[in-house]
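Remember, predicted model here, so these are calculated numbers, not experimental data. Indexing begins at 1, ligand by ligand and atom by atom, following the structure's order.
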Amino acid sequence: MTKPDAKHNKFSKPVTSGKDSILTDTFGRKHNYLRISLTERCNLRCTYCMPAEGIQLSPKEHIMTYEEIYTIAKEFVNLGVTKIRLTGGEPLVRKDAALIIEKLASLPVALTLTTNGVIVDKFIDHFKKCGIRTLNVSLDSLDTKKNTDITRRNYFEKVYQNIMLLVNEGFTVKVNCVLMKGFNDNEIIDFINFSKKLPLHIRFIEFMPFDGNRWNMDKMVSLQEVLSEVQANFKKEEIIKLEDAPNDTTKSYKIKGYQGTFAIISSVTNPFCDGCNRIRLTANGQIKNCLFSSKESDLLTSLRAGKSITAIVQKAIQTKHKIRNGMDTLDKFKQIDEHNNRSMITIGG
Ligand code: SAM
Ligand code: SF4
């Protein structure tokens with residue numbers, strides 16, 4: 001399948017991607033990156049993502065159909081979105097995941113996915129056909145037992161093999177690892193060394209609070225702590241700071257001579273809100289203007305009623321706070337009532 005060129009969008013021209021686009025907020029941030037959650041379901045049960053007792057799933061009829069996902073995505077592309085990430089839950093467990101990927105691949109966007117990697121092997125040819133070249137795969141430990149503990153399922157070998165498969169098939173693989181004190185903080189160097197002979201991009205994520213994940217600040221491993229560990233294990237001249245793009249959520253580094261890189265996503269201690277270009281669409285058709293916003297805007301009900309969704313999108317963008325839904329200091333962030341937000345499994349990261 002050939003990917004349509006953005007300049008020859010067969011659907012319609014972007015309304016505008018300039019300052020006056022409705023996707024530009026009151027702080028001048030242009031939201032050109034849409035993250036779509038395909039499902040609230042998952043084949044893993046990561047402790048940091050969902051409560052032990054599971055979550056209350058939305059009724060099936062409240063979940064967007066593939067046609068609705070495509071219609072909403074197309075509307076966003078017309079408004080100026082140039083990148084779409086599929087997430088979940090686990091996006092690939094949705095029965096029509098392949099169809100959704102194929103439909104969205106026909107839009108003039110960079111299409112990508114965040115996955116736990118368990119069933120990625122079944123999609124390799126489809127990804128290639130649809131022009132997907134980069135994937136984020138979550139893996140929180142290189143130890144089988146620890147991995148089983150954190151995911152409450154036993155798929156470590158499968159995920160590990162699938163990461164190798166993706167690399168061998170020429171995909172760019174970013175490995176997402178949520179660090180937690182006393183659990184996997186002793187694996188920081190192991191993960192970096194995992195990228196010594198493989199072109200993997202390791203991304204350490206600061207543990208964030210969401211409903212039911214028993215967050216507390218003491219469990220979180222900060223950007224500074226990761227860097228201290230790296231500095232204790234590598235010589236100063238071996239640690240190379242890489243340039244970060246304006247919308248990057250990561251602070252990126254490389255160890256001299258290593259094929260891969262590593263980066264830190266520090267939403268808690270060092271928020272990157274200044275360059276935020278993300279809009280999140282949940283599987284039940286709500287948009288969130290910030291990961292930490294409890295307020296949601298319902299697109300699906302309007303879409304089903306045959307009404308335009310543009311005004312709802314515009315309002316959501318215009319009411320976005322400058323920093324983390326108003327929690328502009330670490331002290332305010334520590335006071336967060338995570339029960340006001342969804343569980344991460346129903347947001348999508
Ligand atoms: N199932 C897919 C996966 O695991 O990659 C996609 C959905 S998952 C919600 C997206 C990302 O969010 C994953 O990389 C996961 O590690 C991250 N995540 C989930 N809960 C988190 C938390 N409390 N703090 C930081 N990152 C989290
Ligand atoms: Fe599932 Fe991903 Fe959440 Fe783990 S992080 S429970 S794999 S959605």
Side-chain angles (χ1 to χ4, degrees), residues 35-55 57 84-94 97 101 112-120 123 134-141 146-156 158-159 162-163 166 173-181 183-185 191 200-217 219-223 226 249-250 263-272 278 280-283 288 291-292 324 333 336 338-339 341-349:
R35 301 173 63 104
I36 307 178
S37 173
L38 297 190
T39 177
E40 298 170 352
R41 294 176 184 274
C42 189
N43 41 5
L44 300 184
R45 295 282 181 277
C46 303
T47 59
Y48 52 76
C49 182
M50 63 186 297
E53 64 278 13
I55 56 152
L57 292 170
I84 293 180
R85 175 177 299 280
L86 303 180
T87 177
E90 172 50 37
L92 298 178
V93 300
R94 185 164 160 151
I101 292 169
T112 184
L113 274 110
T114 299
T115 169
N116 60 31
V118 174
I119 53 172
V120 148
F123 289 83
T134 304
L135 287 110
N136 290 10
V137 182
S138 299
L139 182 71
D140 303 304
S141 175
K146 276 208 244 174
N147 226 78
T148 305
D149 288 347
I150 196 86
T151 63
R152 304 183 180 113
R153 295 289 184 273
N154 186 6
Y155 285 117
F156 172 73
K158 188 74 192 156
V159 174
N162 277 344
I163 290 176
L166 286 168
V173 182
K174 299 181 182 175
V175 176
N176 284 355
C177 170
V178 179
L179 287 174
M180 277 165 294
K181 286 228 171 90
F183 172 69
N184 57 357
D185 53 342
F191 267 102
L200 292 172
H201 304 284
I202 311 294
R203 291 142 48 96
F204 298 114
I205 308 177
E206 288 182 349
F207 177 35
M208 297 181 279
F210 295 98
D211 190 28
N213 76 354
R214 301 179 177 204
W215 181 85
N216 82 53
M217 189 74 187
K219 289 191 201 162
M220 189 208 62
V221 181
S222 69
L223 162 79
V226 175
T249 53
T250 49
I264 303 134
I265 301 181
S266 54
S267 324
V268 179
T269 65
N270 244 291
F272 30 78
R278 295 159 166 71
R280 293 175 166 83
L281 176 63
T282 64
K288 282 173 83 75
L291 190 52
F292 299 109
R324 277 188 317 217
F333 192 79
I336 191 171
E338 70 268 24
H339 303 296
N341 203 350
R342 289 165 172 251
S343 290
M344 180 59 124
I345 191 166
T346 63
I347 304 175

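Surrounding OH of Tyr155 are at most 12 heavy atoms belonging to other residues, nucleotides or ligands under 6.0 Å away. Heavy-atom neighbours of Arg45 CZ from other residues, nucleotides or ligands within 6.0 Å: above the threshold of 12.
We find the NZ-CG distance between Lys219 and Asn213 to be 7.5 Å, quoted to the nearest 0.5 Å. Taking CG of Leu135 as the reference point, atom NZ of Lys174 lies at 10.5 Å (rounded to 0.5 Å). For the atom pair CZ of Arg278 and CZ of Arg35, the computed distance is 6.0 Å after rounding to the nearest 0.5 Å.
Phe210 does not carry Arg342 over the face of its six-membered ring by the limits of under 6.0 Å from the centre and within 45° of the normal.
Side chain to side chain, Asp140 and Asn147 fail the donor-acceptor criterion of an N or O pair below 3.5 Å. Between the side chains of Thr250 and Arg203, no donor-acceptor pair of N or O atoms lies under 3.5 Å. Looking at Glu90 and Thr115, their side chains do bring a donor and an acceptor atom within 3.5 Å of each other.
Any protein N/O/S atom under 2.8 Å from atom 1 (Fe) of ligand 2 was counted, giving 1 altogether.
Taking a heavy-atom cut-off of under 4.0 Å, ligand 1 is surrounded by Tyr48, Cys49, Thr87, Gly88, Gly89, Glu90, Thr114, Thr115, Asn116, Ser138, Asn176, Val178, Ile205, Glu206, Phe207, Met208, Phe210, Asn213, Met344, Gly348, Gly349.
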